[in-house]
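Quick one: the structure is below, questions incoming.
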Number of protein chains: 2
Amino acid sequence: MASPRKTILITGAAGYIGSHIALCCLLSGKFSVVTIDNFHNSYPTALKRVTKIAQDALPADASDDDKKALEIEVYRGDISIKSDIEKIFDEYKSKGGIWGVIHVAALKSVGESGEIPIKYYENNITATINLLDVMERNQVYNIVYSSSATVYGAPPECPISESSPLQPESCYGRTKFMSELILKDVCDSAPEKWRAISLRYFNPAGAHPSGQIGEDPRGRPGNLLPLLSQMAVGKFPEGLKVFGNDYTTVDGTCVRDYIHIMDLAQGHVDALAALPRDDIYAAQGKASGFGASGGKYKAYNLGKGEGMSVLQMVAAMEKASGHKYKTEVVGRRTGDVPELVANPALAEKELGFKATRGLEEMCRDLWKWQSQNPKGYEGQE
Amino acid sequence: MASPRKTILITGAAGYIGSHIALCCLLSGKFSVVTIDNFHNSYPTALKRVTKIAQDALPADASDDDKKALEIEVYRGDISIKSDIEKIFDEYKSKGGIWGVIHVAALKSVGESGEIPIKYYENNITATINLLDVMERNQVYNIVYSSSATVYGAPPECPISESSPLQPESCYGRTKFMSELILKDVCDSAPEKWRAISLRYFNPAGAHPSGQIGEDPRGRPGNLLPLLSQMAVGKFPEGLKVFGNDYTTVDGTCVRDYIHIMDLAQGHVDALAALPRDDIYAAQGKASGFGASGGKYKAYNLGKGEGMSVLQMVAAMEKASGHKYKTEVVGRRTGDVPELVANPALAEKELGFKATRGLEEMCRDLWKWQSQNPKGYEGQE
C-alpha cells in the first residue's frame, strides 16, 4: 500500500497558477489537496478538471480510494476573513490535519494595484497575516509562498539572483515583498517550528499539455501570452501594442523570462519536499536579499533562466497558432525595465528544480488550451 | 462664537502618547476627540484626566457647551477587527462626521515584536489596512500616522534626515515601515482625495506638567526614562544595566534624541493643520526616503535634534528626583546603534514644529507624574 498522502491547503487553487500546482501535487502521489477560493478570478470547473486529469493518469486497476484521493475539497471563502480560514483548519482536525499550506491566492495586476491599493493590501497582506495566525493556532508550520520577481523592481544585475536587493516598484510588488518580510520574521521568531519557502515567479505561461486547464483572465489579459492566444481566437482585433522597440535588447523590445506553467507548478512540489530539510536554510539571510538571521526561511527564483523578447514571443505564437498578428510599436511604458531574467541556479542546486520545457512546447500547450476553450471556462462544466 | 471643532478619531488615545496628543488637540480649540482603544497597555482613567486638564484650562466663564466639547467619546474596541472601526464611522455620520484620523494604536516593543511577530503584524498592519478601508468607504481622507525612528534602522548619517534610507532592523520597525509604504501607496492612488503625514518619533519622554497623565507601561519598562522614574519610587532595586560604555560617544554610552511628550504631541496638531496645504507634498517622494511620486504623502521626524547619553539621562533624573541610581555597565546589546539623533529641520520648516522643552523640564515633569502616581493609573479614577 502506498504511504498516505499529506494534506496541503492551497489558497486560490482554482486560479491559473493554483490549478496547475494542485495538479502537480496530486500527480506526485504524495499530497492531497484542499482549497479555499473566492472565485474572484477563477472558476470551479478548473478544479474538477484537475481531478479528472489526475484520475486519467492513474493505472487502469486503480482503486476507488485511489481515485477519491484525487478529489479536491473546495471551501468557497475569502482568506481576508479569518473565520473562513479557521473553518477549514477546524474541520480538518478530525481528518488528520493539514500538513502544510501553499499560499497562492492574491490579487495580481500591477496596474490595478496602483489604483486600488487598499484592496491589494487587504487581499495580499491582511490575508497572509490571517493565514499565518490560523496556522500557528493549529500548529501548522509549513508554508510555500507565491512571491514574484516584481520584488526586485529594476534590478542592478541581470540575470537576477536571489541575493539582489529587494526594491519593488509597484504596489503589487510591495505586497509580495512585505509578505516575504512577514514570513521571514515569523520563521525567525521560532526556528524550531516555522519553515517557509517563497518562490519568486518570473513569467509563467502555457498550460497543461491536455489543454484542459489554462489561463482564463477576466477582461483584457494584462500579460503578453494570454493576450496573444486570445487574439488568435479572434478577440482584440485591434492588434498588439508593443511598448518600445528601442531598448538595448536583441531586437529592441522588452525581454522577459517565460517559464512553462507545468515547470513552475512542479517547483512547488519540489519546495514541499525541501521544506523539512535543514541544510537549505543555513545561509538564508543574505541569499534571500535580507539581512542574516537564524530562521528557516528561504526564497528561490522560479524561472527558465532565458530571456525572450516581445517580438520573439509573437513569432513563436504565430508558429503555434497559425495566426498572423497585427503589431504596432508605441512609446515605452512607464516602469518597464528592458530585461528581467532569472538566475535559476539556486533552485536547481537546492531544490533540484529545473525548467525543462522550451518555448515551442509552451506556445503549443497554450494554444491547445485556447483553441479547445476559446471562451475559457465560461459556461463549461 | 468660536468656530466649531473638527472631530478627530485618535486610535489608542488612552495610551501614553495618545493621551498627550488628545490633550493637545483639545487645548488647540480646533478639535474634538473620539477614540477607539482596547486598553491593552492603557487605562480609561487617562482619558478622564485629559478632559479634566483641558476643562481646567478654560476661562472661568466658559459655557457648559465649551466644557462638554472637551469630553472624549470612547469606543472600547480593536482596530484589527474591522467592524469595530465601522461602528464609529457609522455613528458619527449623524454627528457631523469625522474629519481626520490620528492613528497611534500599535504594539510597540521592539524585543517582543521579534518573539510574536504575527501579533505585531495583525495589530500594526492589518489594523492600519482596516482603518484605511473604513476611512475610504466613509470618504475620510485625512490621516496623521505614528511612525517611528526605527524605520531608519542603523542610519548611515547622524543626525538623521527624512531622506535617509529606510532599513528597519526589527519586526516592530518593519510594521512601521510597511504602514508608511501602505499610506504612501494609498495617497499616490488618489492625490485628489488622500492626504497623509507620518511622524517618525524619536524618544518621547516626560509628561504633562500637571503630573496628571504620564507613561504607565505594563510590566518592566522597556525604555530608559520610565525605568528610571519607577526606580526612583522604589521599583527594580537591582538597579540599571547600562549596555556598553565603549561606544564612540560623549561618555561611551548610547546617545538618543529625547523629546518632551508635550512637544511631540503638539507636533500632531501642527500636522493636522498642515494636512490641507498642498505645498508640503511637492517634493514628498525623495524627502520621505521613498521614490518620487505624485501623492500627498509626507513623513517628518519628530525629535529635539540633540543627543543625550544614557549617563547624562541618569544624571538628569538624579537631579530631578533626588534618587541616587545604582548602575552597572554590562556588555553591548545586539542591535543597539551608538547614536540616533533627529535632524528636525524639515518639520520646523514645513510644519512650524519646534521641540522647545529641555532636558530639565522633561525630567521634572516625568518626576511629577511618577511621584504623584507611584503606581501609575492603577486603582485610580
Distance (rounded to the nearest 0.5 Å) between T175(B) OG1 and L181(A) CG: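 Rounded to the nearest 0.5 Å, the OG1-CG separation comes to 11.5 Å.
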Derivation of the side-chain contact (heavy atoms from CB on, under 4.5 Å) call for M178(A) and I182(B): CA-CA 10 Å; M178(A) 289 182 195; I182(B) 292 169; 4.0 Å; yes
Between CG on residue D188(B) and CD on residue E115(A), distance to nearest 0.5 Å: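 Going from the CG atom of D188(B) to the CD atom of E115(A) covers 12.5 Å.
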Greater than 12 external heavy atoms within 6.0 Å of K193(A)'s NZ: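 No - once you tally the heavy atoms of other residues, nucleotides and ligands closer than 6.0 Å, there are 12 at most.
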Part of E122(A) lying under 4.5 Å from any heavy atom of chain B: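 For E122(A), heavy atoms of backbone and side chain both lie under 4.5 Å from chain B.
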Distance (rounded to the nearest 0.5 Å) between I125(A) CD1 and T128(B) OG1: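 So the CD1 of I125(A) and the OG1 of T128(B) are separated by 12.0 Å.
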Check: Y120(A)/D185(B) side-chain N/O donor and acceptor closer than 3.5 Å: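 No.
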Over all atoms of both residues, closest heavy-atom pair of S189(A) and G114(B):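 So the minimum-distance heavy-atom pair works out to CB-O, 3.1 Å.
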Rounded distance (nearest 0.5 Å) linking atom SG of C171(B) with atom NZ of K184(A):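 Result: 10.0 Å between the selected atoms.
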Top contributor to chain B contacts, counting heavy-atom pairs under 4.5 Å, from I116(A), V186(A), L132(A):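 Ranked by heavy-atom pairs under 4.5 Å with chain B, first place is V186(A).
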Toward chain B, the part of E136(A) with a non-hydrogen atom under 4.5 Å: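 E136(A) touches chain B through side-chain heavy atoms alone.
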Pair W194(B)-I118(A), side-chain contact (heavy atoms from CB on, under 4.5 Å): steps then yes or no: CA-CA 12 Å; W194(B) 281 98; I118(A) 299 173; 4.1 Å; yes
